[in-house]
Visitor: 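Sending over a structure as structure tokens; questions will come in a sec.
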Amino acid sequence: MNIELIIKDKVAEAITSLYGQSVEPTQVQVQLTRSEFEGDQTVMVFPFLKISKKSPEITGAEIGEYLVANVNEVSGYNVVKGFLNLVIDNSYWIDCLNAAITTTTMTTTVPYEIITVPNDSYGFVPVTDQSELVMVEYSSPNTNKPLHLGHIRNNLLGFSLAEVMKANGYKVVKTNIVNDRGVHICKSMVAWQKFGNGETPETNGKKGDHLVGEYYVKFNEQYNSEIAGLITAGRGEVQAREEAPSIVETREMLLKWEANDPEVRNLWKMMNGWVYKGFDETYKKLGVDFDKIYYESDTYTIGRDEVLRGVKDGIFQQESDGSVWANFEKEGLDKKILLRSDGTSVYITQDIGTAQLRYRDYPIDHMIYVVGNEQIYHFQVLSLLLDKLGYKWGKDLYHFSYGMVELPNGRMKSREGTVVDADDLVAGMIEVARSVSMELGKLEGYTEEEKENIYHIVALGALKYFILKVDPKKTMTFNPEESIDFNGNTGPFIQYTYARIRSILRKAKETGIAIPGRVDTSFLNEKERNLLKIISLFPEVVKEAGKAHSPAVVANYVYDLVKEFNSFYHDFSILNEPDLKIRDFRLAVAQTVAKIIKNGFSLLGIQVPERM
RNA sequence: GGCCCUGUAGCUUAAUGGAUAGAGCAUCUGACUACGGAUCAGAAGGUUGGGGGUUCGAGUCUCUCCAGGGUCACCA
């Protein structure tokens, strides 16, 4: 049982026994004792002064006496101001370490020839038939341009969040809604027809999503020059935007598309096919995946039907021009358009259809949308819309919103060409990993394939860790150079620590030293004690990350652990330690730290290398 | 303008309402016949944007002002 819960329980018991008034264990505030004070766990006594009617010092001492006398795990106490610091018995910390490194099925009793039985699920709650199902939607790209840095934050957060929820005992379905239809797609199609000369990814070797993206850019160039021409010819800007031939053509194409025109549909299928192939490559490189993909082209009609049902039921209003609106002025929001006057769907319409289809496909208990914070308003509206349409889950949808990614020199702007392409970025990171590795010459003797694999692991580790360690809701600055720094609070630094520990363990094995699966010693110095405290925290950290929906909690924890371990590791010569009990204890600690790094990084979707 | 989010060291950032605001980068000082130095030990660097309030206690909650960003489309 977790030490914090034990203390809360027992403090409540102590107060009842000492002062005759009952207190809920949840009202007891417990935290880790700061390192400059003696003790391991600290209880706040301020809230109980009204009950005890005594000074903080006396109240703390009385509770402390009671705990030492009645709780096995508590071996001592001291009171500083209103803080009751409790000393936890070494046996508790040793038990924590054993829980992390062994399974209970261990049978051997020989202390120094034990085969390691790793507890790979340390900190993770198992998924059972009774587990609730969480659907996590993330990525959700448009098929008119390739993925960029913003999408990377989305994909990494979405994937990691799904892993964190799994570790918290939820069944998880990762899903992606591909915005494969609409005006923007038609723009690329129009441009390709006009300028393409029939080129395809097969004929020119370009990645499909990039090729389509180029035509989207070409469309905008053409469109803008047409607008400029019309303005020169004396039209107003608004009128020019409406009347430019390209946009007229695009609107016609969208109508044809919705009318299932075979020629338009074939073009659409072909170009989207290119894009999907390109996206798959990028997803694979990033190491993210999905259990179920929905396409807007399959869901928008369902959404439209739902909106029309809403009109029939009097929930929404249809204007004389045919457009349909929802009025949320009562809820403090604006009027929102649901269908255009020509009957076509807008963005939010398909979200209604997608939601309905998903709840039909899966017994969803919780729905999480990983979408940027510029769409907070959109999801408020969606929640209300679904609620009005009578879906009880409408109110419960959770919009996991995250901030934008900026560059050191400012925001990414497609107009200014400062967008960082996802594929270029990953390729660049791999290049840096390669050159740094070659300079250090640590990978000599490995095949080219092994080396490439390590460069990829390190490059992605750098990128992912840099992005995931930051609080998701904050706008973050991505510095490509700093992210791949191999020192400090970075992914590669943590990966390096893992590789070093694996190296120790390999060496131990080579020299015939068995790594203990279970330790039994009361020897603990301050550093070891600190490390064990951090190790014992991991399950709580995973739980907190699930509750806070934040991979950053895990990332920052792993870094703390690694920092503490490096200090420990540097001071002790583990394999040369003459006292076998101490040596084995330290080996067990090293092994456990490696395991937590591995488990923690798996929650972030980051791989750890055996060597680097 | 209405609503929402953010503001912490030169830079990137951490901190369930708790003790002296914690790291990394950069800067400076030390430690390499090294279980992997891609390391470690240490120094310096802060009025947590400003001001009021609640509280035994505020970076955190509240009000207000300032700065930055988002959003309020028959775009997605």
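Small disclaimer: the values here were computed from a predicted structure and weren't measured. So you know, we letter chains A, B, ... as the sequences are listed, proteins then strands, and number each from 1.
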Visitor: If the threshold is 4.0 Å, N to carboxylate O, is there a salt bridge linking E329(A) and K335(A)?
Guide: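 Looking at K335(A) together with E329(A), the answer is no, because their closest N to O distance does not fall below 4.0 Å.
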Visitor: Which is true for T42(A) with a 4.0 Å heavy-atom rule: it touches a base, it touches only sugar-phosphate, or it touches nothing?
Guide: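 Base, at least one base heavy atom under 4.0 Å.
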Visitor: Of K50(A) and P492(A), whose nearest nucleotide on RNA chain B comes first from the 5' end?
Guide: P492(A)
Visitor: To the nearest Å, how far apart are I534(A) CD1 and rG22(B) P?
Guide: 16 Å
Visitor: Quick one: which of rG17(B), rA38(B), rG36(B) gets closest to the side chain of Y569(A)?
Guide: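 Of the options given, the side chain of Y569(A) lies nearest rG36(B).
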Visitor: Centroid distance below 5.5 Å plus an interplanar angle below 30 degrees: do Y496(A) and rG36(B) meet both conditions?
Guide: no
Visitor: Under 5.5 Å between ring centres and under 30° between planes: true for Y377(A) and the base of rU71(B)?
Guide: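 It does not: the ring fails the test against the base of rU71(B).
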Visitor: Which of these nucleotides, rG18(B), rA38(B), rG24(B), is closest to any side-chain atom of Y559(A)?
Guide: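 Nearest nucleotide to the side chain: rG24(B).
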Visitor: Between K527(A) and D571(A), is the closest basic N to carboxylate O distance under 4.0 Å?
Guide: yes
Visitor: Quick check on rG24(B): is either OP1 or OP2 less than 4.0 Å from any side-chain nitrogen or oxygen of K563(A)?
Guide: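 Indeed, a polar side-chain atom of K563(A) lies that close.
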Visitor: When rounded to the nearest Å, what value does the distance between C1' atoms of rU47(B) and rA43(B) take?
Guide: 23 Å
Visitor: So which nucleotide does rG7(B) pair with, by the Watson-Crick or G-U wobble rule with both distances under 3.5 Å?
Guide: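 Across all strands, the one nucleotide that pairs with rG7(B) is rC66(B).
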Visitor: Looking at S567(A) and rA41(B), is any side-chain donor or acceptor paired with a base atom of the opposite kind under 3.5 Å?
Guide: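 Such a pair does not exist between side chain and base.
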Visitor: Counting only heavy atoms not in E526(A), do more than 12 sit closer than 6.0 Å to its CD atom?
Guide: no
Visitor: Without hydrogens or angle criteria, can the side chains of Q375(A) and Y347(A) be said to hold a donor-acceptor pair below 3.5 Å?
Guide: yes
Visitor: Is a side-chain donor-acceptor pair under 3.5 Å present for D180(A) with N272(A)?
Guide: no
Visitor: Within the sub-3.5 Å range, which N or O atoms of nucleotides 11-13 of chain B have a protein N or O partner, and how far apart are they?
Guide:
| unit_1 | atom_1 | unit_2 | atom_2 | d |
| --- | --- | --- | --- | --- |
| rU13(B) | OP1 | T477(A) | N | 2.8 |

Visitor: Taking only the P atom of each, what is the distance from rC4(B) to rC63(B) in whole angstrom?
Guide: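 Their P atoms lie roughly 10 Å apart.
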Visitor: Compute the ring centroids of F379(A) and Y369(A), then answer whether they are less than 6.0 Å apart.
Guide: yes
Visitor: Extract from the structure each pairing of a protein N or O with an N or O of nucleotides 73-76 of chain B at less than 3.5 Å, listing the distance.
Guide:
| unit_1 | atom_1 | unit_2 | atom_2 | d |
| --- | --- | --- | --- | --- |
| rC74(B) | O3' | R340(A) | NE | 3.3 |
| rC74(B) | O2 | S341(A) | N | 3.1 |
| rC74(B) | O2 | S341(A) | OG | 3.1 |
| rC74(B) | N3 | S341(A) | OG | 3.0 |
| rC74(B) | N4 | D321(A) | OD2 | 2.0 |
| rC75(B) | OP2 | R340(A) | NE | 2.6 |
| rC75(B) | OP2 | R340(A) | NH2 | 2.9 |
| rC75(B) | O3' | R340(A) | NH2 | 3.3 |
| rA76(B) | OP1 | R340(A) | NH2 | 2.5 |
| rA76(B) | OP2 | R340(A) | NH2 | 3.2 |
| rA76(B) | OP2 | Y347(A) | N | 3.4 |
| rA76(B) | O2' | N142(A) | OD1 | 3.1 |
| rA76(B) | O2' | N142(A) | ND2 | 3.1 |

Visitor: Base, sugar-phosphate alone, or nothing: which one does N85(A) contact when heavy atoms must sit under 4.0 Å apart?
Guide: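 Touches a base.
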Visitor: When all nucleic acid strands are considered with a 4.0 Å heavy-atom cut-off, which category describes T490(A): base, sugar-phosphate, or nothing?
Guide: nothing
Visitor: Considering only NZ, NE, NH1 and NH2 on the basic side and carboxylate oxygens on the acidic side, decide whether R304(A) and E258(A) come within less than 4.0 Å.
Guide: yes
Visitor: Considering every strand and a 4.0 Å limit on heavy-atom distances, what is the contact class for Q29(A): base, sugar-phosphate, or nothing?
Guide: base
Visitor: So, E510(A) and K507(A), do they make that salt bridge, N to O below 4.0 Å?
Guide: no
Visitor: In whole Å, what separates the C1' atom of rA26(B) from that of rA58(B)?
Guide: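 Nearest-Å result for rA26(B) against rA58(B) at atom C1': 32 Å.
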Visitor: Strictly by Watson-Crick or wobble contacts shorter than 3.5 Å, is anything paired with rU29(B), and which nucleotide is it?
Guide: rA41(B)
Visitor: Would you kindly check whether a donor in the side chain of D560(A) faces an acceptor in the base of rA15(B), or vice versa, at under 3.5 angstrom?
Guide: no
Visitor: Strictly below 4.0 Å, N to O, side chains only: are E544(A) and K547(A) in salt-bridge contact?
Guide: no
Visitor: Expressed as a whole number of Å, how far does the P atom of rU8(B) sit from that of rA14(B)?
Guide: 10 Å
Visitor: Salt bridge check: are E450(A) and R611(A) linked by an N-O gap of less than 4.0 Å?
Guide: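 Salt bridge between E450(A) and R611(A), a charged N being under 4.0 Å from a carboxylate O: no.
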Visitor: Scan F493(A) against the nucleic acid and name what it touches under 4.0 Å (heavy atoms): base, sugar-phosphate only, or nothing.
Guide: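 Contact class for F493(A): sugar-phosphate only.
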Visitor: Expressed as a whole number of Å, how far does the C1' atom of rC11(B) sit from that of rU27(B)?
Guide: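 Roughly 12 Å separates the two C1' atoms.
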Visitor: Taking atom C1' in both rG51(B) and rA9(B), what distance in whole Å separates the two?
Guide: 23 Å
Visitor: What integer number of Å spans the C1' atoms of rA21(B) and rG45(B)?
Guide: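 Result for the C1' pair: 14 Å, nearest Å.
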Visitor: Does rA58(B) have a Watson-Crick or wobble partner in any strand here, with both distances under 3.5 angstrom, and which is it?
Guide: none
Visitor: Answer yes or no as to whether rG57(B) has its base stacked against F46(A), where stacking requires a ring-centre separation under 5.5 angstrom and planes under 30 degrees apart.
Guide: no
Visitor: How would you label the contact of A548(A) with the nucleic acid (heavy atoms, under 4.0 Å): base, sugar-phosphate, or nothing?
Guide: nothing
Visitor: Show me the side-chain donor-acceptor pairs of residues 461-474 of chain A shorter than 3.5 Å, one per line, residues at least two apart or across chains.
Guide:
| unit_1 | atom_1 | unit_2 | atom_2 | d |
| --- | --- | --- | --- | --- |
| K464(A) | NZ | L286(A) | O | 2.8 |
| K464(A) | NZ | G605(A) | O | 2.6 |
| Y465(A) | OH | N489(A) | OD1 | 2.5 |
| Y465(A) | OH | A555(A) | O | 3.2 |
| K469(A) | NZ | N489(A) | O | 3.2 |
| D471(A) | OD1 | K473(A) | N | 3.3 |
| D471(A) | OD2 | K473(A) | NZ | 3.2 |

Visitor: Using a distance-only test with no angle check, is there a side-chain donor-acceptor pair under 3.5 angstrom linking N576(A) and R583(A)?
Guide: no
Visitor: Categorize V541(A) for me: base, sugar-phosphate, or nothing, with a 4.0 angstrom heavy-atom threshold over every strand shown.
Guide: nothing
Visitor: Check every atom of rA19(B), rG18(B), rG36(B) against the side chain of K81(A) and return the nucleotide holding the closest atom.
Guide: rA19(B)
Visitor: rA19(B) base stacked by F83(A)? Criteria: ring centres under 5.5 Å, plane angle under 30°.
Guide: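 So yes, this residue stacks on that base, both cut-offs being met.
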